[in-house]
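Note that this is a predicted model, so its numbers are computed, not measured. All residue numbers refer to positions in the sequence shown, counting from 1. These numbers come from the heavy atoms of this one structure, side chains and all, not from hydrogens, waters or symmetry mates.
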Amino acid sequence: MSEEEGAPHEQGTAATTVGVLRGLLDKQRKTVAGERCDICATPIPDEHAHVVNVESRNLLCACRACYLLFTSEGAAQGRFRAVPDRHLYAPSFAFGEAQWDALQIPVRIAFFFFNSTLGRVVAFYPSPAGATESLLSLEAWRELEQANPLLGSLAPDVEALLVYGRRDREGFDCFIVPIDTCYELTGVVRLRWKGFDGGEETWREIEGFFDRLRAKSRESSDEPAG
């Protein structure tokens, strides 16, 4: 599921482990077929974990063993991070039309996460061209953080605030999700979008996506998660 290639030189024990695993992958990649771990080429099921390359933003499919290598803080000098499996629906999240207008995002779907390479929160929205960045007002984000302590629990690089304003009613649905969920939604939009407004089929797919997300999410208040 990698989106880009390239990464700087690795140093240290954890990075050496990554290098060894990558070498194994390079040897096996030409001879294996089907869904495989992007790190060690072990066969993996359709439902599997992911690891993020923090610098390139590549999303790597991972077997359980490789995933666990990167669950510790500072693994591989922080270059790779395991994507957690936390899905929270926040009905009490303080987010309305005024907050949305302050963010100045052109569509009513967006996700926000802390990019540790840039040292700031970034905002993206799904589009036919993929995940498109929107310039984020730092003042508007600070106000959101002050009103919603839950945002303080977001894991950098691997968790996001996902916001959806449904077409059939006012207000927004707010979720804390793994970053791969945001990329999955982006893939739906990119694959299905037709014409200027996306088309009814696309919006049915999007609404179905959020219905399924709501069903699998634990309901949370706006208090920080432990």
Side-chain angles (χ1 to χ4, degrees), residues 52 57 59 81 83-116 118-190 192-193 197-198 202-226:
V52 167
R57 300 306 311 168
L59 193 64
R81 291 185 177 171
V83 178
D85 189 31
R86 184 169 67 137
H87 297 80
L88 298 180
Y89 169 59
S92 60
F93 202 85
F95 193 98
E97 297 295 337
Q99 287 76 20
W100 185 257
D101 291 343
L103 294 172
Q104 299 182 337
I105 297 174
V107 297
R108 292 172 69 84
I109 309 175
F111 59 95
F112 310 81
F113 67 93
F114 186 83
N115 185 315
S116 60
L118 299 178
R120 60 180 173 85
V121 174
V122 292
F124 287 84
Y125 60 90
S127 78
T132 301
E133 185 170 7
S134 178
L135 185 62
L136 180 63
S137 164
L138 295 182
E139 181 180 355
W141 181 257
R142 280 195 296 268
E143 290 178 358
L144 270 183
E145 285 185 313
Q146 292 171 1
N148 300 283
L150 180 62
L151 290 177
S153 73
L154 282 179
D157 300 301
V158 292
E159 286 190 316
L161 168 67
L162 177 59
V163 178
Y164 176 44
R166 292 183 181 269
R167 298 186 300 164
D168 58 353
R169 60 175 171 81
E170 294 183 353
F172 295 85
D173 290 337
C174 299
F175 301 85
I176 301 298
V177 298
I179 194 67
D180 52 7
T181 297
C182 302
Y183 295 154
E184 180 184 352
L185 173 61
T186 299
V188 170
V189 173
R190 187 171 186 176
R192 301 292 186 181
W193 196 271
D197 64 354
T202 301
W203 285 105
R204 283 194 297 271
E205 289 276 352
I206 292 171
E207 289 164 8
F209 179 93
F210 279 97
D211 288 342
R212 292 188 297 274
L213 177 58
R214 171 75 178 274
K216 74 185 293 187
S217 297
R218 177 171 60 87
E219 189 167 310
S220 172
S221 69
D222 60 355
E223 293 302 316

Checklist entry - Are side-chain heavy atoms of I176 and L154 found at a separation under 4.5 Å? => result yes
Item to check | Spatial distance of atom NZ (K216) from atom CG (D211) [nearest 0.5 Å] | outcome: 13.5 Å
Checklist entry - Are the side chains of F112 and L136 in touch, meaning some heavy atoms are under 4.5 Å apart? => result yes
Item to check | Contacts of F114 that satisfy ring pair (Phe, Tyr, Trp, His ring centres under 6.0 Å) - sequence neighbours left out | outcome: none
Checklist entry - Is E170 atom CD crowded by more than 12 heavy atoms from other residues, nucleotides or ligands, each under 6.0 Å away? => result no
Checklist outcome for this item: Taken in chain and number order and not counting sequence neighbours, the residues that satisfy salt bridge (charged side-chain N to carboxylate O under 4.0 Å, His left out) with R214 are none
Checklist outcome for this item: For A110 and I105 the tightest heavy-atom approach is CB-CD1, 3.7 Å
Checklist entry - Below 4.5 Å, heavy atoms only, C-beta onward: do F209 and I109 meet side chain to side chain? => result no
Next on the checklist: Show, in sequence, the C-alpha distance, side-chain angles and deciding distance for E97 and R108, and conclude whether the salt bridge (charged side-chain N to carboxylate O under 4.0 Å, His left out) test is met.
Outcome noted: CA-CA 10 Å; E97 297 295 337; R108 292 172 69 84; 3.0 Å; yes
Item to check | From L185 atom CG to L162 atom CG, the distance as rounded to the nearest 0.5 Å | outcome: 6.0 Å
Item to check | Parallel, tilted or perpendicular, as decided by the 30° and 60° cut-offs, for the rings of F111 and F124 | outcome: parallel
Item to check | Any donor-acceptor pair under 3.5 Å from E159 side chain to A155 backbone | outcome: yes
Next on the checklist: Ring-plane angle category for Y89 and F175, please: parallel below 30°, perpendicular beyond 60°, tilted otherwise.
Outcome noted: tilted
Next on the checklist: Distance check, rounded to the nearest 0.5 Å: R212 atom CZ versus S217 atom OG?
Outcome noted: 12.0 Å
Next on the checklist: Just verifying a value: how many Å separate L213 CG and E184 CD, rounded to the nearest 0.5 Å?
Outcome noted: 9.0 Å
Checklist entry - Between D157 and R57, is any pair of side-chain heavy atoms under 4.5 Å apart? => result yes
Next on the checklist: Tell me whether N115 contacts the main-chain N or O of L118 through its side chain, where contact means a donor paired with an acceptor under 3.5 Å.
Outcome noted: yes
Checklist entry - What's the shortest heavy-atom distance between R190 and P128, and which atoms? => result CG-O, 3.3 Å
Item to check | Minimum-distance pair of heavy atoms, taken over all atoms of P91 and S220 | outcome: CD-O, 3.4 Å
Checklist entry - Are V163 and F93 close enough that some pair of their side-chain heavy atoms sits under 4.5 Å apart? => result no
Checklist entry - So which heavy atom on W203 is nearest to which on D197, and how close? => result NE1-O, 2.8 Å
Checklist entry - For F95 and C174, which heavy atoms make the closest approach, and how far apart are they? => result CB-SG, 3.9 Å
Next on the checklist: Restricting to salt bridge (charged side-chain N to carboxylate O under 4.0 Å, His left out), what partner residues turn up for E145, sequence neighbours left out?
Outcome noted: none
Checklist entry - Given side chains that start at C-beta, do those of T202 and I206 come closer than 4.5 Å, heavy atoms only? => result yes
Next on the checklist: Measuring only between side-chain heavy atoms, which start at C-beta, is V52 closer than 4.5 Å to Y183?
Outcome noted: no
Checklist entry - L135 and Q104: side-chain contact (heavy atoms from CB on, under 4.5 Å), yes or no, with the steps? => result CA-CA 8 Å; L135 185 62; Q104 299 182 337; over 6 Å; no
Next on the checklist: For the backbone of A140 and the side chain of E143, can you confirm whether one donor and one acceptor N or O come within less than 3.5 Å of each other?
Outcome noted: no
Item to check | Parallel, tilted or perpendicular: rings of Y164 and F210 (30°, 60°) | outcome: parallel
Checklist entry - Would you say the side-chain atoms of T186 pair up with the backbone N or O of G130, donor to acceptor, closer than 3.5 Å? => result no
Next on the checklist: Is there a salt bridge (charged side-chain N to carboxylate O under 4.0 Å, His left out) between E207 and R192? Walk through the geometry before answering.
Outcome noted: CA-CA 13 Å; E207 289 164 8; R192 301 292 186 181; over 6 Å; no
Checklist entry - Do L103 and L144 have side chains that get closer than 4.5 Å, going by heavy atoms? => result yes
Next on the checklist: One pair to check against side-chain contact (heavy atoms from CB on, under 4.5 Å): Y125 and V189. What are the steps and the verdict?
Outcome noted: CA-CA 10 Å; Y125 60 90; V189 173; over 6 Å; no
Next on the checklist: Closer than 3.5 angstrom, by distance alone: can the side chain of S116 be matched with the main-chain N or O of G119 as a donor-acceptor pair?
Outcome noted: no
